Amino acid sequence: MLGDWPPFRPLSEIGEADHGKEVAVAGWLEDVRDLGGIAFLILRQREGTLQVTVKSDQSAEVRALTGVSRESVVALRGTVQANEKVRNGFEIIPEAYEVLSEAAKPLPLGVVDKVGAAMDTRLDNRFLDLRKEEVRAVFHLKSHVGSALREYMTSKGFVETHTPKVISAGAEGGATLFRVDYFEKPAYLAQSPQLYKQILMATGLDRIYELAPAFRAELSDTVRHIAEFLSFDAEMAYIRSQEEVLQVLEGAVAYTLAFLQDHASEQLALLNLDLAVPDVPVPRVTYQRAREVLAGEGIEVPDGEDLDTGAEKALGEAMAREGHDLFFVVEYPSAIKPFYIMVKDDDPEFSHSFDLEYRGDEMASGGQREHRVDRIETRMRRQGLDPGDFEFYLKAFRYGMPPHGGWGFGLDRFVWKVAGLGNVREAILFPRDRGRLIP
RNA sequence: GCCCCGAUAGUGUAGCGGCCGAUCAUUCAGGCCUGUCGAGCCUGGGACUCGGGUUCAAAUCCCGGUCGGGGCGCCA
C-alpha cells in the first residue's frame with residue numbers, strides 16, 4: 001500500500017536542507033489540537049515529536065486526518081515548512097496520508113494524559129506505557145549498563161560465557177527452584193550460574209562473566225524481589241585473596257556509572273538523575289565493624305546473625321553520611337553463607353565473603369570459593385545437602401581446581417537504584433513475580 | 001508464608017450509614033474556535049470488585065473470596 005512512497009524520514013534527520021521539500025514520515029498520532037480553521041497534529045516517533053499542520057483550505061481528504069484516533073500509526077507525505085513558532089523550527093503541511101494501524105478507543109492507558117496510572121495498569125498495558133519517553137529512558141540506561149559492563153570486563157581479560165538455564169540441581173537448595181518438565185524428567189530453572197561458573201574455573205576458561213536471567217521461586221513480595229531477574233555474574237581463578245575480586249567488581253561499577261555520564265546524559269537529564277562516580281577503592285566494612293556502626297545507631301545485630309532489612313538500610317544511611325553510597329560488607333559469619341564460600345583458616349567463624357551495597361540495598365554478593373573438595377563436601381553435609389546430588393559439580397574439583405572467587409550482581413536492582421525508581425519492576429520490561437506471568 | 005492497607009466510569013480519584021439520581025480531572029461523543037504546543041470553551045455519555053450478612057436504609061458497617069499495593073522474613 002506504500003510501495004511507491006519514499007522512505008520514512010526520522011525526525012532527527014529532517015533539517016534545513018529539507019525546508020520547502022516534500023518528505024514522508026510515519027509515527028503515532030499523539031494528539032490532535034483542532035482550533036477550527038487550523039489544526040495541529042502531533043506525530044510521535046521514537047526520538048521525539050513533530051508537528052503536522054492542517055488548514056481549512058486543504059482538501060477534505062487531508063482534513064480527515066484530524067479525525068484519526070490518538071495513538072494510531074499514520075504515514076504521511078507533506079512539505080517541510082520552516083516556522084519559528086514551532087518548537088522543532090518546522091512543521092509539515094500534509095498532502096496525503098494513510099492510517100497504517102488504527103488505535104481503538106478509548107486507550108486502556110493514556111500516553112500523554114494528565115492523569116497517573118497504577119503500576120498494575122501500566123504493566124498490563126506495557127506497550128503503551130513504554131511509548132512514554134521517560135519510561136523508555138530506563139531501558140536505554142539498562143542497555144548502557146550492559147554495554148559498560150561488557151566493555152569493562154573485556155578490558156580486564158574476562159570472557160563472556162553462557163551457562164545452562166535448565167538444570168538438575170540448584171546451588172542454594174530446593175525451596176526456591178522452579179520445577180519444569182525436561183523430557184519427562186524433573187528439572188529446574190537455574191537460580192544462579194554458580195555451579196557452572198565454578199566448573200569453568202577448572203578449565204582455563206577461568207576468567208569469565210555472564211549476563212543472563214536467573215529464576216527464583218521465592219515467596220517474596222517486595223519492591224526489590226522478582227522471580228526472573230538479570231544477573232551479572234563473574235568468576236576468576238588463580239586469585240590469592242578475595243581482594244582481587246573486590247577490585248574488579250568495584251571497578252566495573254565505577255566504570256559503569258562513568259559510562260552512563262558519558263553515554264546516557266540525555267536519559268539522565270530526562271529522569272533528572274545526578275549520578276556520582278565513586279572513588280575506588282570503596283570502603284570494605286567487616287561484618288563485625290558493621291555491627292559496631294549499627295550499635296552506634298542504636299541497632300543491635302546479634303553476633304552471627306545476618307543484617308536484616310532495617311539494619312542494612314541503617315548501615316547504608318550511616319555510610320552515606322560519610323559520603324559513601326557504594327561499599328562492601330566483608331567477612332560474614334560462615335554459618336549464614338552457602339557451602340561454596342571459603343571459611344577463614346585463621347578464624348573459622350567467619351568467611352571470605354562479601355556483599356556490595358549501593359544506596360541502601362544489596363546489589364551483589366560473592367566471595368572466595370572453597371576449592372578443596374573435601375571441605376566442600378563437609379560444608380554441604382552440614383547444610384543438609386547430599387553431595388551425591390552435586391557430583392557433576394564436585395567432579396570438577398577432583399582433578400585440579402585453582403583457587404577462585406566471584407560474584408552475582410543484580411542488574412535490574414542496579415538500574416532500579418541508578419534510575420531512582422520506586423520498584424524494581426519498573427526496571428524490567430515484562431516483570432515476573434508471584435502474581436504476574438502475563439504479559 | 002506472616003502483618004498492614006486498599007479495590008468507585010477506559011484512566012486517576014473524592015465520598016466512608018439516609019444530603020449519592022455518586023465528586024473532580026482526564027478520556028470518549030458532539031459543538032464553537034486560523035497558531036496550538038498540558039490548547040481553550042460549551043453540551044452529553046460512562047463506575048461503587050464478587051458472594052453473604054447487619055439495618056427501615058449500605059459505595060459507606062461486618063464476614064468470606066478474588067485481585068492489587070506496602071512491610072517482614074529471605075535475597076540479586
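Remember, predicted model here, so these are calculated numbers, not experimental data. Numbers restart at 1 for each chain; the letters A, B, ... are given by sequence-line order, proteins then strands.
- Using cut-offs of 30° and 60° for the angle between ring planes, the A:Phe90 and A:His19 rings count as tilted.
- A:Ser365 has a side-chain polar atom (N or O) that falls below the 4.0 Å cut-off from OP1 or OP2 of B:A76.
- The interatomic distance linking A:Leu230 (CG) with B:C75 (P) rounds to 21 Å, in whole Å.
- Checking B:G35, B:C28, B:C37 against every side-chain atom of A:Pro106, the shortest atom distance belongs to B:C28.
- For B:C28, the OP1/OP2 oxygens have a side-chain nitrogen or oxygen of A:Arg70 closer than 4.0 Å.
- Rounded to whole Å, the distance from CG on A:Asp31 to P on B:A39 is 5 Å.
- Distances were taken from every side-chain heavy atom of A:Thr222 (C-beta onward) to each of B:G10, B:C75, B:G71; the shortest belongs to B:G71.
- Across all strands shown, B:G12 is found opposite B:C24 as a Watson-Crick or G-U wobble partner, with both distances under 3.5 Å.
- The distance between atom CG of A:Leu29 and atom P of B:U27, rounded to the nearest whole Å, is 14 Å.
- Among the heavy atoms of the strands, none lies under 4.0 Å from A:Phe409.
- One N or O donor and one acceptor, one from the side chain of A:Arg413 and one from the base of B:C75, sit under 3.5 Å apart.
- Residue contacts for A:Val424: at a heavy-atom cut-off of 4.0 Å it reaches no nucleic acid atom on any strand shown.
- In this structure, the ring of A:Tyr196 has its center less than 6.0 angstrom from the ring center of A:Phe392.
- Considering only the side chain of A:Arg224, B:C74 comes nearest among B:G71, B:C74, B:G69.
- The residue A:Gly116 sits close only to the backbone: its heavy atoms come under 4.0 Å of sugar-phosphate atoms, none of a base.
- Rounded to an integer number of Å, the gap from A:Asp113 CG to B:C24 C1' is 15 Å.
- The partner of B:C32 is B:G40, judged by Watson-Crick or G-U wobble contacts that both fall below 3.5 Å.
- Heavy atoms of A:Thr49 sit nowhere under 4.0 angstrom from any nucleic acid atom.
- Ranking B:U34, B:U36, B:G73 by closeness to the A:Phe40 side chain, first place goes to B:U36.
- Here the closest non-hydrogen pair linking A:Ser192 and A:Arg216 is CB-NH2, 3.9 Å.
- Straight-line distance between the P atoms of B:C67 and B:C32: roughly 49 Å, to the nearest whole Å.
- For B:G10 and B:C19, the C1' atoms lie 30 Å apart once the distance is rounded to whole Å.
- Here A:Asp325 contributes atom CG and A:Leu275 contributes atom CG; the two are 9.0 Å apart, rounded to the nearest 0.5 Å.
- The residue A:Gly435 sits close only to the backbone: its heavy atoms come under 4.0 Å of sugar-phosphate atoms, none of a base.
- Between B:G12 and B:A47, the distance separating the two C1' atoms is 13 Å to the nearest Å.
- The residue A:Glu71 sits apart from the nucleic acid: no heavy atom pair falls under 4.0 Å.
- When both distances must be under 3.5 Å, the Watson-Crick or G-U wobble mate of B:G51 is B:C63.
- Taking atom CD1 of A:Ile438 as the reference point, atom P of B:C67 lies 13 Å away to the nearest angstrom.
- Nucleotide B:C72 is matched to B:G1 when pairs are restricted to Watson-Crick or G-U wobble geometry with both distances under 3.5 angstrom.
- Counting atom types as modelled, A:Glu218 pairs no side-chain N or O with a base atom of B:G1 as donor and acceptor under 3.5 Å.
- The residues A:Asp31 and A:Arg70 are annotated as not salt-bridged, no charged nitrogen and carboxylate oxygen being separated by less than 4.0 angstrom.
- Contacts of A:Asp361 with the nucleic acid, taken as non-hydrogen atoms under 4.0 Å apart, are absent.
- Within the 4.0 angstrom heavy-atom criterion, no nucleotide atom of any strand lies near A:Leu109.
- Put simply, the side chain of A:Arg434 and the base of B:G1 share a donor and an acceptor less than 3.5 Å apart.
- In this structure, the CD1 atom of A:Ile226 is 15 Å from the C1' atom of B:C74, given to the nearest Å.
- Using a 4.0 Å cut-off, some side-chain N or O of A:Thr121 falls inside it from OP1 or OP2 of B:G12.
- Residue ring and base: A:Phe229 counts as stacked with B:A76 (centre distance below 5.5 Å, interplanar angle below 30°).
- The same atom, C1', is picked in B:C72 and in B:A25; the two are 37 Å apart, to the nearest Å.
- Residue contacts for A:Lys105: at a heavy-atom cut-off of 4.0 Å it reaches the sugar-phosphate backbone alone, with no base atom in range.
- A:Ser56 comes within 4.0 angstrom of a nucleotide base, judged by non-hydrogen atoms across all strands.
- Taking the six-membered ring for Trp and thresholds of 30 and 60 degrees, A:Tyr255 and A:Phe259 have ring planes inclined between 30 and 60 degrees apart.
- Here B:A76 is the nucleotide among B:G10, B:G35, B:A76 with the atom lying nearest to any side-chain atom of A:Ala364.
- Distance from the side chain of A:Arg216 is smallest for B:A76 among the nucleotides B:C33, B:A76, B:C72.
- For A:Asn423, a side-chain nitrogen or oxygen approaches OP1 or OP2 of B:G70 to under 4.0 Å.
- Counting only heavy atoms from C-beta on, A:Arg33 has its side chain closest to B:U36 among B:A76, B:U36, B:G71.
- Distance CE (A:Met363) to C1' (B:C75): 12 Å, rounded to an integer number of Å.
- Base pairing of B:G46: no nucleotide in any strand meets the Watson-Crick or G-U wobble criterion (both distances under 3.5 Å).
- The base of B:C75 sits with one of its N or O atoms less than 3.5 Å from a complementary donor or acceptor on the side chain of A:Glu312.
- Across all strands shown, A:Asp308 has heavy atoms under 4.0 Å from sugar-phosphate atoms exclusively, and none from any base.
- Residue whose closest nucleotide on RNA chain B sits further toward the 5' end, between A:Pro108 and A:Lys55: A:Pro108.
- Residue contacts for A:Asp355: at a heavy-atom cut-off of 4.0 Å it reaches no nucleic acid atom on any strand shown.
- In terms of heavy-atom proximity, A:Phe215 sits nearest to A:Lys165 at CE1-CB, 4.4 Å.
- Across all strands shown, A:Ala39 has no heavy atoms under 4.0 Å from either base or sugar-phosphate atoms.
- Between A:His263 and A:His144, the ring-plane angle classifies as tilted under the 30° and 60° cut-offs.
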Output side-chain donor-acceptor pairs under 3.5 Å for residues 351-361 of chain A, partner residues at least two apart or in another chain, one line each.
residue: A:Ser351; atom: OG; partner: A:Tyr332; partner atom: O; Å: 2.8
residue: A:Ser351; atom: OG; partner: A:Ser353; partner atom: OG; Å: 2.7
residue: A:Ser353; atom: OG; partner: A:Tyr332; partner atom: N; Å: 3.2
residue: A:Asp355; atom: OD2; partner: A:Tyr332; partner atom: OH; Å: 3.1
residue: A:Arg359; atom: NH1; partner: A:Lys417; partner atom: O; Å: 3.1
residue: A:Asp361; atom: OD1; partner: A:Lys313; partner atom: NZ; Å: 3.3
residue: A:Asp361; atom: OD2; partner: A:Lys313; partner atom: NZ; Å: 3.0
residue: A:Asp361; atom: OD2; partner: A:Lys417; partner atom: NZ; Å: 2.9

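- If you measure from atom CG of A:Asp129 to atom C1' of B:G12, you get 14 Å, rounded to the nearest angstrom.
- Under the 3.5 Å distance criterion, the side-chain polar atoms of A:Ser241 are matched with a main-chain donor or acceptor of A:Glu243.
- At a cut-off of 3.5 angstrom, the base of B:C72 holds no donor-acceptor pair with the side chain of A:Thr309.
- Along RNA chain B, the nucleotide closest to A:Glu362 and the one closest to A:Asp120 are compared, and the more 5′ of them pairs with A:Asp120.
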